[in-house]
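Below: the structure, in structure tokens.
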Amino acid sequence: MKYIWFLILVIAFFPSCQTDNAEGDFVVGSDYLSISNKVIMIDTLTVNVSTINLDSLITSNQSRILIGNYTDPILGQVKSESYIKLTPDNFYIGSSESDTQTVTYVFDSIAMILKYDRYYYGDTTKTQTINIHQLTQKVKPNTDDTNFYNISSLTYDSKSIGTKTFHPKPIGKDSINIQIDANFGKNLFNKLYNNEITDANEFEDLFKGIVIKPSTTSSSNMIGFKTSSVLRLYYKKNNSDSENSLTKDFSLTDLTKQFNNISLDRTGTIIENLPDSKNKLSSELTNNNAFIQSGTGLACRIDFPFIKQLKYISEKGIIVDAELVIKPNRSSISNLFPIKDSLQVYECDNLNRISKVLTNSDGSQKLAILNTTPDEFNENIGYKVNIGAFLHQEMLKTTGAKSNLILAFPNISKGVNRIILGNQKNAENKLKLKIYYISY
Amino acid sequence: MKNKIWFVLFFASQSVGLYAQSVATSPYSIYGLGSLFETDFGPISALGSSGIALPTTSFINNLNPASLGFIGKHSFFFDTGLKGTETNYKSENSSEKRNNFQFSHIAIAFPLNSKSGVSASLKPYSSASYVISNFQLPISNSNEFYNLDAASYGGLNTFDLSYGYKIQKGITFGLTTSFYFGSITNNKDFTIANSITNINKKSFYSGMRVTLGNQIKIDSTFNIGLTLKIPSQITGSKTQSVTTINDTETQYIEDNVASNVDNYYLPFEFGVGLSKSFHKNFNLTLDYEKSLWKNTNQNSVYGEYKNQDKFALGLSYLKKEQSFYYLDKIRYYSGFNYDTGFLSINNKNVNNMRFSLGVGIPIESTKSALNINYSYGIKGTVGNQLVKENYHMIGINLSLEAIWFVKRKYD
């Protein structure tokens, strides 16, 4: 009987007296740990790189008036002209509709004031000549569309109402003034002065907008201007000696009514045979290089034709990480043609239709970031992006078409920066893809 | 009295969950069911784990259920123990020491009548506990490495119910039904390049096995025994969650996906043993057991399954069972055990050799004793991917007998 109590004590005591010493490294025999989960790195997967032509970049509502014309030594002649609808705040001259002074006002002059937005590309030590024309067509997108594209254009009067040749100072100065034809200005003044125009529709019938075109002969740069640029009409009191003229501004009140037509003349260049927007030009046909140019729609497409093969490594596996490093052709980069420190990554189908922008887990856009820290062989310089999750999905896809990636500069519709990227066969700027895989 | 017994059992079952969570000391704990935990009752450990022919007359014999047929009709036995092991692991290029001290078993046995007895016991079967942090392993196909942090706990236990019956004087038969159960939780973090992959696995195992036994008392000094273990399987299922995170994205690959795990097959085993007393003070036990692991046709990541031969030899000495002097009643044990192992790694068997010594210190006037044993063993050899283990083991167990159903002569 007394044993029982003793036993209970013993049993209660036992579990609490187990001890373990597992503070060793547990290295002996740990090799077996690698057996149930295999971790491998794959750096031999074929990556096809090609150049594509995105023909419908939305250039309206981008908040930049991009004007210029230059010849890129590799890609050909790049040109951008800007279409702008300009409207006044009101449809009278003077401080108010019932301004008793109005009768005393007379037209003085009219000028286009273009404000630099600090963007430039190409050689700004060379002059640029621009011409301003009146549109003969309203700034209105096609039916069922609200956007204008890099290939959109509108008809205009061949007679220029203003022209200027200038040395661009996008950093040093704030704006340039382009004197506009006085007859055009006077006409505009009179219509408002005489109350012949009382609302926006009447105004648009009279003045549909302008196009600012670069001269195709002299320019060798591309300049960005702010959308706060205005057409300014100067007027003053009749017989007044006052130097102070009064002004009336015609401005971009609706940013969707301004767009840039950006074109590239590839004649005679290495990408002369770039196919239409649904096809691609293999980098193997262009010296193992692919090309990106904002604005004109050149983009780099990356295909992983054998990604599904990785499924056969084991029954169940994950691509946990994949590091894509794509390297710019350094000799193509110069002060005139700088590159950007990141590339935007899109997912697309075989017809180059973009389905989404690749994002990080926090929802932010995934960028390929330029690593500029040089090592001994400058091997590290390149745009690096982790595409593990994308490749994992592609590997597991059982239905549906394969997806590819498109690389382009951020703000693809706003500038004309370009870059040349090497493929896997490019000896000097070899593309690298490292895939890390674990079976589970 | 009986109610109290059930209370003890209940208490014991409460402790199962606890004692299954000990960190095992063998590298083999990393895979499958973990490393097997061997334990014997009474003085059997000290006898080199021999005793197939020994009757359950002074302690519970866990090797042969037929021994219960010899249980005295007034005896109630209780057995419980602790086991401590210190192991030195040695591979080709490293060595380390680990130790472990834990509860080893709890068992009771009592007679049903003068011809039969039953026993119940609970003991750990395997332990899959280990902790590894920041362990560097090579990434195949590259010069790079990944880091592994892993923790595992849990293991299997067995609950045995045995019955022994004396069919005629000196001949008994017995049957044990063993229930295997337990779970192993395994959590691994793989740090590969800029990603961390977490694999969390919970495996549940269960199985049942039958052991048949026979003992024959040839004369007052000579017993023989036989056991047959029926092949069986331990079936498992698991739920697994897999998540991978890198610096920019999180992928949930699997969330508690249930699947089967490979069954673990227990082989057909048979054992024969003899027990012979001589010179009045000595008793010799000798067992041979064969396990047909090869026929289980199962794969091990470590190597191939081989048929296993086990030899066990034990010798005990007792000056006088009934003596005026306490020291005369102390039992002394020694034993030797050799087994060829059931795994062959790179064509080398993981064999195991063990010497043991022990004493049985009597408690009061019953057959109760406190058994203390010490063993030294060598398992495996050093070689290509092989690990050699040198271990010291100390076991303490309390083997208690209570006399039942006897009317006390005085109170």
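Letters A, B, ... are given to chains in the order of the sequence lines, protein chains preceding strands, and every chain is numbered from 1. Only heavy atoms go into these numbers, but all of them, side chains included; no hydrogens, no water, no symmetry mates.
In terms of heavy atoms, A:Asn37 sits closest to B:Lys188 at OD1-NZ, 3.2 Å. Residue B:Asn194 comes nearest to A:Glu323 through the heavy atom pair ND2-OE1, 4.1 Å, listed as atom of the first residue, atom of the second, then distance.
B:Thr191 OG1 to A:Asp321 CG: the interatomic distance, rounded to the nearest 0.5 Å, is 11.5 Å. With values rounded to the nearest 0.5 angstrom, A:Lys434 atom NZ is found 12.0 Å from B:Asn141 atom CG. A distance of 6.0 Å separates CD1 of B:Ile253 from OH of A:Tyr440, quoted to the nearest 0.5 Å. In this structure, CD1 on A:Ile319 lies 11.5 Å from OG1 on B:Thr197, to the nearest 0.5 angstrom.
Atom NZ of A:Lys425 has 12 or fewer heavy atoms from other residues, nucleotides or ligands within 6.0 Å. Other residues, nucleotides and ligands contribute at most 12 non-hydrogen atoms within 6.0 Å of the NZ atom of A:Lys430. Shown here is A:Glu428, whose CD atom has no more than 12 heavy atoms of other residues, nucleotides or ligands within 6.0 Å. By the neighbour-count criterion of 12 heavy atoms within 6.0 Å, atom NZ of A:Lys384 is sparsely surrounded, having that number or fewer from other residues, nucleotides or ligands. No more than 12 heavy atoms of other residues, nucleotides or ligands shown are found within 6.0 angstrom of CG on B:Asn143.
Contacts with chain A were tallied for B:Ser142, B:Gly84, B:Ala193, B:Ser140; B:Ser140 has the most, counting heavy-atom pairs under 4.5 Å.
Side-chain contact between B:Phe190 and A:Val320 is absent, with no heavy atoms from C-beta onward closer than 4.5 Å.
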- Task: Evaluate side chain to side chain contact (heavy atoms under 4.5 Å, CB included) for B:Leu137 paired with A:Val39, printing each intermediate quantity in order.
- Result: CA-CA 9 Å; B:Leu137 286 158; A:Val39 179; over 6 Å; no

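With a 4.5 Å cut-off on non-hydrogen atoms, B:Ile199 touches chain A through its side chain but not through its backbone. Of the atoms belonging to B:Thr244, it is side-chain heavy atoms, and not backbone ones, that fall under 4.5 Å from chain A. Neither the backbone nor the side chain of B:Glu86 comes within contact range of chain A; no heavy atom of the residue lies under 4.5 Å from a heavy atom of that chain.
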